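Here is the structure we will look at.
Reckoned from all heavy atoms, side chains included, excluding hydrogens, waters and symmetry mates. These numbers were taken from a predicted model, which means no experiment stands behind them.
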Amino acid sequence: MDHLVTLGEFLRAARARLEPADVGFPATARRRLAGLRREELAQLAGVSVDYYTRLEQGRSRTASRAVLDSLASALHLDDAERVHLFDLAAQPERVHRPASAPRQCLTPAVEQLLARLDTAYCPAFVLGRRTDVLAGNRLATALITDFAALPQHERNQARFVFLDPYARELYADWEGVAADTAAMLRMDAGRHGTDPELSELVGDLSRQSPVFRRMWADQRVIERTEGTKGYHHPVVGDLTITYQAMSVAGEEDQTLFVYTAADGTADETALRLLATWASSTPPPGPRRAHRSGGNPMGRGPGRRVT
């Protein structure tokens, strides 16, 4: 991932999302392309058209903090997008990092926390770089899927969302989940543009998923903090959870996701039923259950049941 090319693509996509009226320009005749023109954005950011054009075309190797701040303001970037812009512009400083970072793992304290959350009826899991699923408690496995039963290479949230047909059945708003997942991965790409495993993942998803190709080209980025998510679960039915995303203290690029449901709601009842079901089934096996058909209530939470 050439950082200059990626920076230019991000600027171009952000410019295309702005309409003249969004930034106080008068409405004009119908335009050939969506968004602002380069000269309009350069005017807003206080830079020359030639300089901005070189940035967008990947022909300028440097951009000062003042210029990046001006561009971020002119493009109406949110906090996550602003961080991503600075990450992309800073890539030359990161070329001396090892090409492949050591594989991430959990501390005993985080493993214990996941187990404790299980007893509180809270599905919880930890994502690392590239949206790799580092671990999840038993309730998260029952709710989503058994990542631990997969080969190491496939324990990845983005691979699950875009390449596993079951994900489309599981998520009530699959399109929204997919868009957020691509945006999370794009954010990671800004921070770790030289990671060969990330490049391999993006390549695999691009080849196998037209939807991912479309969403990746949107150049959107997000930093997950909190929200809600709906599920169509084959065992306990429909439920909606609230999630919190928290950085794991002392561990770079690890995020703990904790799911909860309000007391006394049908969603809380569904989580308690799911916990009972998960504790009474055999340990999850590899990905056979749903593919072979049959009643999911009579199987362990394999690849197609959870």
Is any side-chain heavy atom of [Y] closer than 4.5 Å to one of [X]?
| X | Y | answer |
| --- | --- | --- |
| Tyr231 | Tyr259 | yes |
| Val258 | Met246 | yes |
| Val177 | Lys229 | yes |
| Leu113 | Leu256 | yes |
| Leu239 | Val236 | yes |
| Leu139 | Cys122 | no |
| Leu55 | Val47 | no |
| Glu81 | Ile222 | no |

Name all residues meeting the salt bridge (charged side-chain N to carboxylate O under 4.0 Å, His left out) criterion together with [X]; count only those two or more places apart in sequence or in a different chain, and write none if there are none.
| X | answer |
| --- | --- |
| Asp188 | none |
| Arg214 | Glu175 |
| Arg38 | Glu56 |
| Arg272 | Glu268 |

Residues that Arg186 engages under side-chain hydrogen bond (donor to acceptor under 3.5 Å, both in side chains), provided they are two or more places apart
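With neighbours one apart ignored, the set is empty.
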Please name all residues satisfying side-chain hydrogen bond (donor to acceptor under 3.5 Å, both in side chains) with Asp50, sequence neighbours left out, ordered by chain then number.
Arg54
Indicate if [X] and [Y] have the same hydrophobic cluster label, given that clusters are the connected sets of ILVMFWY residues with side-chain heavy-atom separations under 4.5 angstrom.
| X | Y | value |
| --- | --- | --- |
| Ile241 | Val126 | no |
| Phe125 | Leu134 | no |
| Leu106 | Val133 | no |
| Trp216 | Met184 | yes |
| Leu201 | Met215 | yes |

Apply side chain to side chain contact (heavy atoms under 4.5 Å, CB included) to the pair Trp174 and Val211, showing each step before the final yes or no.
CA-CA 11 Å; Trp174 179 85; Val211 177; 3.8 Å; yes
Quick one: which residue pairs count as a side-chain hydrogen bond (donor to acceptor under 3.5 Å, both in side chains) with a foot in residues 105-117, not counting sequence neighbours?
none
Once side-chain hydrogen bond (donor to acceptor under 3.5 Å, both in side chains) is applied, what residue pairs with a partner in residues 63-77 remain, sequence neighbours excluded?
Asp69-Arg82
Rounded to the nearest 0.5 Å, what separates atom [atom1] in [X] from atom [atom2] in [Y]?
| X | Y | atom1 | atom2 | value |
| --- | --- | --- | --- | --- |
| Asp173 | Thr228 | CG | OG1 | 9.5 Å |
| Tyr171 | His233 | OH | NE2 | 11.0 Å |
| Asp263 | Thr265 | CG | OG1 | 7.5 Å |
| Leu11 | Leu88 | CG | CG | 8.5 Å |
| Gln57 | Tyr52 | CD | OH | 10.5 Å |
| Arg159 | Leu185 | CZ | CG | 10.0 Å |

Does this structure show an ion pair linking Arg207 with Asp204, if we count only N-O contacts that are shorter than 4.0 Å?
yes
If you measure from the Lys or Arg side-chain nitrogens to the Asp or Glu carboxylate oxygens, is any gap between Arg191 and Glu223 under 4.0 Å?
yes
The criterion is ring pair (Phe, Tyr, Trp, His ring centres under 6.0 Å); which residues satisfy it with Tyr243, sequence neighbours excluded?
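None.
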For Phe162, give me all partners under ring pair (Phe, Tyr, Trp, His ring centres under 6.0 Å), at least two apart in sequence or on another chain.
Phe212
So, does [X] use its side chain to make a donor-acceptor pair with the main chain of [Y] at under 3.5 Å?
| X | Y | result |
| --- | --- | --- |
| Asp195 | Glu197 | yes |
| Gln254 | Glu251 | no |
| Gln104 | Asp253 | yes |
| Asp267 | Thr240 | yes |
| Arg155 | Ala148 | yes |
| Asn137 | Leu114 | yes |
| Glu40 | Arg37 | yes |

Heavy-atom pair with the smallest gap, counting every atom of [X] and [Y]:
| X | Y | answer |
| --- | --- | --- |
| Ala124 | Leu117 | CB-CD1, 3.6 Å |
| Phe147 | Glu154 | CD2-O, 4.4 Å |
| Leu198 | Ala189 | CD2-CA, 3.4 Å |

Side-chain H-bond candidate by donor/acceptor type, Asn156 with Thr131, under 3.5 Å:
yes
Going by side-chain contact (heavy atoms from CB on, under 4.5 Å), name the residues that satisfy it together with Asp218, two or more places apart in sequence or in a different chain.
Arg220
Would you please name every residue forming a side-chain contact (heavy atoms from CB on, under 4.5 Å) with Ala245, sequence neighbours left out?
Arg224, Thr255, Phe257
Run the numbers on Leu7 and Leu85 for side chain to side chain contact (heavy atoms under 4.5 Å, CB included), then give the verdict.
CA-CA 7 Å; Leu7 174 61; Leu85 174 67; 3.6 Å; yes
